[in-house]
2 protein chains.
Amino acid sequence: MPDRKRLTLKDIAKELGISVSTASRALNSYAGISDETIKLVKEFAEKHNYVPNTMAVNFRKNKTMTVGMIVPELVHYFFSSVISGAISTAKKHNYSILVSQTDEKLKNEVFAIRTMLSSSVDGLLISVSNETINGEYLQEILDEGRPVVQFDKVLDEMNTPKVIVDDFQGAYDGVRHLIQEGYSKIAHINGLQHVKNSQERLRGYQKALLDHGIEESESWVLHCQQISEDEGFAFAKELMTSENPPDAIFCITDLVAMGVMKYLKQAKIKIPKEVGVIGFSNWDMANFVSPSLSSIDQYAYQMGEKAMELLVEAIKNNEVGKNQIHEIIPRLVVRESSKRLS
Amino acid sequence: MPDRKRLTLKDIAKELGISVSTASRALNSYAGISDETIKLVKEFAEKHNYVPNTMAVNFRKNKTMTVGMIVPELVHYFFSSVISGAISTAKKHNYSILVSQTDEKLKNEVFAIRTMLSSSVDGLLISVSNETINGEYLQEILDEGRPVVQFDKVLDEMNTPKVIVDDFQGAYDGVRHLIQEGYSKIAHINGLQHVKNSQERLRGYQKALLDHGIEESESWVLHCQQISEDEGFAFAKELMTSENPPDAIFCITDLVAMGVMKYLKQAKIKIPKEVGVIGFSNWDMANFVSPSLSSIDQYAYQMGEKAMELLVEAIKNNEVGKNQIHEIIPRLVVRESSKRLS
DNA sequence: TTGAAAGCGGTACCAG
DNA sequence: CTGGTACCGCTTTCAA
């Protein structure tokens, strides 16, 4: 396949009998170039299908109009929605997005960041893995003078804009709803204790109980390691076969709630009559299961849009290390799994 | 934020009192450079954290080590799985992936292709939108001498490697399974008639009926426009309230099957006792609904891996326009929704 | 085994 | 308003 040599600025200049610089300026419509010349050059370029060599432009301007996006998992309703939102905003600003995933492994995250760096991205959107405890690797990219925006799972101590969901509020709303539906023995299947989202959701759960005069029982708070369906199943079994079984379970994610419901159904425990269930994230499947699952929607798509906006802005203003928090208020979506009344 | 100027080859050369070319060759371990020099340069580079300027390298070599990937929809179990597979293979070969989505709109697809082109991707992975009927826009990228690999939804007439699922076989296996379970009045909710996947699945459905001596009824084949849950619901209703309702429904995708099951449950029609249901794609939710949904697994992740492998190979060998078909044999996953026996 | 130098294709500064 | 030219950082050819 002989790569048909592409037309360059030099070719155009020679062909039209003008200088390369004039041609360049004409194509970019600089002030101080006669309309005539501009027209001449543009028409010629159009006619001959001139496409500027992006690599040359990137090289010269030291910009790629490309940003990196690193997520823990791609095959995931929440994250793919965030990416979708980010892509849509990126498109508006003429940015492209390099996507990478870490499978929640720090090792992969470090590799991904390095790769992004070497791909010369203009900036980075990242939701850190569960294994990530400090941001030393992330710091490298900031040190290069390239902006980073964190979203969803963030490292507090890193100075970057952050787009997060108000997990506390979401959890609070969910648990309050359970209480209002008449549940009073509410268990919570939480996540990894060092992860901030988990901590906040736990706080919301506790505060809701407190505010409604319900005493907390330590044995009703369990912590997942994998945040998996299997854990949901196992913990539900553990809870329901204990001395003092709960009458509602607030789950750290919808996936865990799926496991919980699977167990309850298998054990012939009626949802929501005997036990209420509520998830977090509002996955697509929440709608399809029966009973349909009440959940907390995190506005994933909007989160992606916002994160990308902040990144574009930071790139434009060459702002690195600005610590700014954009908090998204989640929305309780009530479905069948938590409706005891009515 | 003052961008700390990065170390360049020139700096290294000056510092070590050697020429830029020697430094370059040493770093790349050229033959004809003394081991001593190589060691000297590499150690210096290592110590001072030298990172080659990728944009300069790209520019010089006219390669970016980046490929584009265009899918109809990102928030989709199947496509995100394919992307995931592609990313994993890309990583092995040191490629990065630019991701874009078209929302099944030709307009967006054209834009995405143009953007990818201008981002100087080394190659392109694409699954075309439902609106795409011919490949003139795709041809542009081939004409530039850059390889394209199509996957899942492909344009037959384009000369590119293609990775597809044997839709015919998948449909055949699914319908045969229904027949073996004792269903005989099998309806099929198909997709858009001009899309190849739809045609093949329809063929498989028809052949299975034929092979088992079951007569086909035209009124039992319906065509979706959107391939949506709502359509599944509406068509199920149409079928079940008709003069001659079927006793099984083979759906073009799991999403449509979700709608079908929703209707059946609402109409108190027992699955799988009265009506069997089977989907296509084997989404994660197939496991979570009840009854769980039988489906045809397309090995999405492997499809992504394979497509990326073919692309890397094509890039390496500078092969553009090679027409090669890699067909993946899907796998029937039997769950509750189609098990009438036992 | 090494150095000098010519670009790659643009952009932008300085003169005129 | 336009042309000439230096240069971005690296690779590679040619000479030594």
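Numbered from 1 within each chain, the chains take letters A, B, ... in sequence-line order. What you are looking at is a predicted structure, and each value in this text was computed from that prediction instead of being measured.
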Could you give all pairs that pass the ring-ring contact (aromatic ring centres under 6.0 Å, His included) test and reach residues 88-133 of chain A, with sequence neighbours left out?
-> none
Residue whose closest nucleotide on DNA chain C lies nearer the 5' end, B:S34 versus A:S24 = B:S34
Atom NZ of A:K63 and atom P of C:dG10: how far apart are they, to the nearest Å?
-> 18 Å
Which residue pairs pass the salt bridge (charged side-chain N to carboxylate O under 4.0 Å, His left out) test when at least one of the two sits in residues 97-115 of chain B, sequence neighbours left out?
-> B:E104-B:K153, B:R114-B:E140
Just how far, in rounded Å, is P of C:dA12 from CZ of A:F59?
-> 14 Å
To the nearest angstrom, the CG-C1' distance between B:L9 and D:dT11 comes to 9 Å
Taking only nitrogen or oxygen atoms into account, show me every contact under 3.5 Å that the protein makes with nucleotides 13-16 of chain D, one pair per line with its distance.
unit_1: D:dT13; atom_1: O4; unit_2: B:R25; atom_2: NH1; d: 3.2

Is there a side-chain polar atom (N or O) of A:K10 under 4.0 Å from OP1 or OP2 of C:dC8?
-> yes
Qualifying residues under salt bridge (charged side-chain N to carboxylate O under 4.0 Å, His left out), relative to B:K91, sequence neighbours excluded = none
Got a sec, which residues hit ring pair (Phe, Tyr, Trp, His ring centres under 6.0 Å) with B:F78, two or more places apart in sequence or on another chain?
-> none
Taking the nucleotide of DNA chain D with the closest heavy atom to each, which residue, B:R60 or A:A23, is nearer the 5' end?
-> A:A23
Per the under-4.0 Å heavy-atom filter, residues of residues 44-57 of chain B near DNA chain C come out as none
C:dG3, D:dG3, C:dT2: which one has an atom nearest the side-chain heavy atoms of B:T37?
-> C:dT2
For the helix from C:dT1-D:dA16 to C:dG16-D:dC1, measure the angle between the helix axis at one end and the axis at the other, each built from five pairs, rounding to 10°.
-> 40°
Could you name each residue pair satisfying side chain to side chain donor-acceptor pair (under 3.5 Å) that touches residues 27-36 of chain A, not counting sequence neighbours?
-> A:S29-A:K42, A:S34-A:T37
Could you check A:T22 against B:I38 and say which one's nearest nucleotide on DNA chain C is further toward the 5' end?
-> B:I38
Spacing of B:N28 atom CG relative to D:dC10 atom C1', expressed in whole Å = 10 Å
Is the number of heavy atoms from other residues, nucleotides or ligands under 6.0 Å of B:Y137 OH greater than 12?
-> no
Please list, chain by chain and in numerical order, all residues satisfying salt bridge (charged side-chain N to carboxylate O under 4.0 Å, His left out) with A:K162, sequence neighbours excluded.
-> none
Using the side chain to side chain donor-acceptor pair (under 3.5 Å) rule, collect all pairs that involve residues 301-310 of chain B, keeping only residues at least two apart or in two chains.
-> B:S88-B:Y301
Rounded distance (Å) that lies between atom P of C:dC8 and atom CG of A:D11 = 10 Å
Kindly write out the residues that satisfy salt bridge (charged side-chain N to carboxylate O under 4.0 Å, His left out) with B:E73, not counting sequence neighbours, or none if the list is empty.
-> none
Starting from C1' on D:dG4, measure out to NZ on A:K14 and report it in whole angstrom.
-> 17 Å
A:N62 CG to D:dC7 P, straight-line distance once rounded to whole Å | 18 Å
Sequence neighbours excluded - ring-ring contact (aromatic ring centres under 6.0 Å, His included) pairs with any residue from residues 32-57 of chain B | B:F44-B:H48
Report yes or no: does A:T132 contribute a side-chain atom to a donor-acceptor pair with the main-chain N or O of A:L106 at less than 3.5 Å?
-> no
Interatomic distance where CG belongs to A:L40 and P belongs to D:dC1 [whole Å] | 15 Å
Short question: side chain of A:S127, backbone of A:D152 - any donor-acceptor pair under 3.5 Å?
-> no
